[in-house]
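These notes are about the structure you will find just below.
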Amino acid sequence: MKLSKNFGKTQKETSGDAELISHQLLIKSGLIHQVASGIYSYMPIAWRSLKKIENIVRNEIDKAGGQEIRMPVLQPQEIWDLSGRTEIFGSDLFKLSDRRKRKLVMAPTHEEVLTLMVKTHVNTYKDLPLLIYQIQTKFRDETRPRGGLIRVREFDMKDAYSFDISNEGLDQNYNAMIAAYENIYNRIGLETIKVEADSGAIGGQASHEFMAVSSIGEDTILKCSKCDYAANSEKAEFVRIKQKTISEKILPLEEIHTPEIKTIESLTKNLSLDPDKMIKTLIYLDSNNQPLAAIIRGDLDVNETKLSNLNDGKDLRLATSEELSNLNIPYGFASPIQLKNIKIIVDTSLNFGNNYIIGSNKENFHYKNSNYPRDFSSDIVSDIALAKPQDLCVKCNNKLDLKKGIEVGHVFKLGTKYSEKLGAMYINSENKQIPIIMGCYGIGIGRLLSAVIEQNNDQKGIIFPKSIAPFDAMLSVINTKQENIRKIGEEFYSNLMDCGLDILYDDRDESPGVKFKDSDLLGLPFRIVLSERNLKNQQVEIQERKSGKQELVSFETAIEKIKMKIQL
RNA sequence: CGGGGUGUGGCGCAGCUUGGUAGCGCACUUGCAUGGGGUGCAAGGGGUCGUUGGUUCGAAUCCAAUCACCCCGACCA
């Protein structure tokens, strides 16, 4: 394509609105155009790259046995009511109604429609397994779109769904998709790590996320410094360390006067004891305002996702001090001891120490030498703690590191959650109706592009990996005003195109500086320079964007050389 | 939703405190020069100052409401 004809221009300056490098580069290079918050148009050059990404994704999912279909964005709200996700998605779900006042939604994902399709078209175990996917525009009314294409409200996503008759079948599909995802990231030049994840609003038994490690990532990952264990912060587990001063002897409970000492921090100071000698009691309220007590060692923080999962996934929030006094719990002195009619969830950390300081439910008093389960009971003992860097890996006992990541793929084992709710059953060999076992697998196309740019750039601009570069190379012709050079350039361009190469031909009447800057900014894998200086010596310059390495080759062999380099 | 910020030619910004009818850079048009790292000179075109209402003889500027966008948090396949 001739750059002079391209719809879209590079800019010298970017809006102060753009903070992320990928966002700045996408705007500076004229690749995207913002229409509204979290809503973008893709300009021709970006669209080429996105189509390449899309095709790599399509190719890998096809290889994994996927069948591509296309489902509508617009869907009746009733099917979302049926699965119960109208409420779960809440305000993130774009809703509208048609002229007959029928309620519709703009789909943020497609489990419902596809499960209902499968219900119609699958009858027997002989029809399974299936792996169905589409690449479709999704809509989510995000609370806060941000970072250019990183988090948007309208975006293209590949979503795949597996349907199996056994957990082994599900495992197979799940693993096949993980392998496909890893191929995709390799091919598009994105470094990712696979982490264990919480299954969130989609629901289900197991889930992994693929994270592009990046300091601007929105997600927090804990990754073992030695082994391959990695999980996002909602999911991450860790080994509880035993108390340093663990007492052999369990001492009797004793009340101590602690006036106005309401926090672990002030207890630590006033009693000269480490926080891991204390127990903290946090009272949460769920969406129905049902209270819940989370009991955890003083040096640890509660992971609200883990806690919520133990409470039917209901949203939780900390009770205010007024709400506490309504429950007869003095703020700052809450305690599981003598706590009645409240569900108590205890973190496993309490099993690794004894003789703790603990609240008393009495204003200005704590107990010392409290021991679990001697002094209080619990409804559930489980891991409800938030992992921190330096905590120990559950697999190998080495230290965990904290990293930030951009979520670029998510896979879930759904199980029978949707098939049961929507009645997607098959008949087994014994003529019994059995719910189909499902999995779902998502990967965001636009987010991949911005993640790749976020990872592949330098001071000068984007450095496109070959596989997703909008063109194979930039042909910069210097001084197009000179008739003979322009002619050579035109011919050279069409010869390159005839070789099947995809060339962006800078035929503009611009100064060399402008052409070079734009070429670097756009970051195609190679730049080919035709100029008077080189042509005098019958030479053509080829520069690799990534390394900056320049090479002068003879005019005759230039096309062959270029072809070789590009196809390498 | 809470906190902070910003809306002025296509883009980036100044002007607002102290009211007097809009300016700079980039981009654009034309001409001349230049031609290996955003080149130089000259001449031009283009703005409902986010919107609505108010105060005033007079509002980009003061007041009020409202909308949009960005950042942090909360939230989030």
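Each chain gets a letter, A, B and so on, in the order the sequences are listed, and its residues count up from 1.
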I'd like the P distance from B:A60 over to B:U51, given in whole Å. 11 Å
Taking CE from A:Met157 and P from B:C76, how many angstroms apart are they, rounded to a whole number? 17 Å
Quick check on side-chain hydrogen bond (donor to acceptor under 3.5 Å, both in side chains): which of A:His23, A:Glu218, A:Glu19 does A:Arg146 satisfy it with? A:Glu218
Can you tell me which nucleotide in B:C11, B:C28, B:C71 comes closest to the side chain of A:Lys9? B:C28
Partners of A:Asp92 by side chain to side chain donor-acceptor pair (under 3.5 Å), sequence neighbours excluded? none
Write down the distance separating the P atoms in B:C11 and B:G47, rounded off to the nearest Å. 14 Å
Just to confirm, is there a sub-4.0 Å distance from OP1 or OP2 of B:C70 to any side-chain nitrogen or oxygen of A:Ser37? yes
Fit a plane to each ring of A:Tyr185 and A:Tyr181, take the angle between them on a 0 to 90° scale, and name the class: parallel (under 30°), tilted (30 to 60°) or perpendicular (over 60°). perpendicular
Rounded distance in Å between the P positions of B:U8 and B:C49: 11 Å
ring-ring contact (aromatic ring centres under 6.0 Å, His included) for A:Phe555 and A:Phe492? Distances and angles first, verdict last. CA-CA 10 Å; A:Phe555 189 79; A:Phe492 200 79; 5.6 Å; yes
Distance between P atoms of B:G23 and B:G36 (Å, rounded): 38 Å
Spell out protein contact along nucleotides 34-41 of chain B as letters: B when the base is contacted, S when just the sugar-phosphate is, - when no protein heavy atom is under 4.0 Å; keep the 5' to 3' order. BBBBBB--
Let me know the distance between CD1 of A:Ile21 and C1' of B:C71, rounded to the nearest Å. 17 Å
What's A:Tyr441 touching, base or sugar-phosphate or nothing? Going by heavy atoms closer than 4.0 Å. nothing
Would you say A:Asn303 and A:Glu234 are linked by a side-chain donor-acceptor pair, where the criterion is simply a distance under 3.5 Å? no
Whole-Å distance between B:C11 C1' and A:Gln24 CD? 15 Å
Here the distance between atom P of B:C76 and atom CD of A:Glu209, to the nearest Å, is 12 Å
Can you identify which nucleotide, out of B:C76, B:C11, B:G73, has its nearest atom closest to the A:Arg144 side chain? B:G73
For B:G40, the Watson-Crick or wobble counterpart (both distances under 3.5 Å): B:C32
Pair A:Asp301 + A:Lys280: basic N to acidic O under 4.0 Å: yes
Closest-nucleotide mapping onto RNA chain B: is A:His410 or A:Gly148 further toward the 5' terminus? I mean the 5' end. A:Gly148
Taking any heavy-atom pair under 4.0 Å as a contact, classify A:Gly8: base, sugar-phosphate, or nothing. nothing
Is it true that A:Arg545 and A:Asp458 make a salt bridge, defined as a side-chain N closer than 4.0 Å to a carboxylate O? yes
Not counting sequence neighbours, which residues clear side chain to side chain donor-acceptor pair (under 3.5 Å) with A:Glu265? List them please. none
Indicate, with a heavy-atom threshold strictly under 4.0 Å, whether A:Ala36 touches base, sugar-phosphate, or nothing. sugar-phosphate
Sticking with atom C1', work out how far B:C26 lies from B:A14, rounded to a whole angstrom. 15 Å
Between B:U61 and B:U55, how many Å separate the two P atoms, rounded to a whole number? 15 Å
Would you mind reading off the distance between A:Glu407 atom CD and B:C76 atom P, rounded to a whole angstrom? 12 Å
Rounded to the nearest angstrom, tell me the gap between atom CG in A:Leu318 and atom P in B:G73. 19 Å
B:A65 and B:U17, which share atom name C1', separated by this distance in whole Å: 23 Å
In whole angstroms, how far is the P atom of B:A68 from the CD1 atom of A:Ile39? 12 Å
Distance check, P atoms only: B:C13 and B:C71, in whole angstrom units. 14 Å
Using purine N1 to pyrimidine N3 plus N6-O4 or O6-N4 for Watson-Crick, or N1-O2 and O6-N3 for G-U wobble, each under 3.5 Å, what pairs with B:C57? B:G20
Does B:U6 have a Watson-Crick or wobble mate here (both distances under 3.5 Å), and if so which one? B:A68
Could you tell me the separation between the CZ atom of A:Arg151 and the P atom of B:C69, rounded to a whole number of Å? 17 Å
Under 6.0 Å from the ring centre and within 45 degrees of the ring axis: does the NZ or CZ of A:Arg447 meet both conditions for the six-membered ring of A:Phe155? no
